[in-house]
Amino acid sequence: QKAVRIATETLLQIQKTEHVLPDPYTFNFFIKVCDRLTSGKEKFKLIHVAFRYCIEAGQFSVPVWSMMRNSLTPDELKKMLDMNLKHSNSQQQQHRGQNRIERLKLSDLHTMKVSDFP
């Protein structure tokens with residue numbers, strides 16, 4: 001639990017500071033800590049927060065997507081993507097067309113690429 005706390009505090013510090021920027025490996029290592037040292041709702045919540053921050057920081061990439069696919073079940077991934085899409089759509093009302101995430105099926109999760117994300 002101490003390692004999870006340290007990883008979470010470090011990610012929060014990076015988010016608060018203006019002179020340190022995260023990269024995809026920042027999120028990969030955080031997700032890996034969550035995957036190995038947490039479970040259930042706590043794991044989902046921590047990875048979801050990191051995923052949203054990763055998107056906002058413009059650091060979502062193939063390694064991050066791969067780590068997420070390896071760390072979460074298909075149902076958890078779909079739930080997270082649905083939650084992120086709803087959050088994104090509520091912030092950007094100009095989103096009118098259907099993209100691949102809006103039409104997502106569980107069977108699609110293993111074939112999705114980073115370019116499929118808005």
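For the numbers below, each heavy atom of this structure counts, side chains included, while hydrogens, waters and symmetry mates do not. Computed from a prediction, not measured in an experiment: that's the story for all the values here.
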Between CE on residue M68 and CZ on residue F51, distance to nearest 0.5 Å: 4.5 Å
Verdict with reasoning, Q15 to L12, per side-chain contact (heavy atoms from CB on, under 4.5 Å): CA-CA 5 Å; Q15 188 175 23; L12 288 171; 3.9 Å; yes
With K79 via side-chain contact (heavy atoms from CB on, under 4.5 Å) - residues at least two apart: F44, M83
Backbone of M67 reached by a side-chain donor or acceptor of S71 within 3.5 Å: yes
Inter-residue atom distance C54.SG - L11.CG, 0.5 Å rounding: 9.5 Å
Between CD1 on residue I47 and CD on residue E42, distance to nearest 0.5 Å: 10.5 Å
Side chains of Q59 and T26 in contact at under 4.5 Å (non-hydrogen atoms): no
Cluster check Y53, V20: I/L/V/M/F/W/Y, side chain < 4.5 angstrom: yes
Pairwise distance NE2(H48) to NZ(K41) - rounded to 0.5 angstrom: 15.0 Å
Under 3.5 Å, which donor-acceptor pairs link side chains of residues 28-37 to any protein atom two or more places apart or in another chain?
unit_1	atom_1	unit_2	atom_2	d
N28	OD1	V64	N	3.4
D35	OD1	K43	NZ	2.8

Pairs where residues 8-24 contributes a residue and the test salt bridge (charged side-chain N to carboxylate O under 4.0 Å, His left out) is met, not counting sequence neighbours: R5-E9
OG1 on T38 to CG on L46, rounded to 0.5 Å: 5.5 Å
Q13 vs T10 side-chain heavy atoms within contact, under 4.5 Å: no
In one Ile/Leu/Val/Met/Phe/Trp/Tyr side-chain cluster, 4.5 Å: F27, V49: no
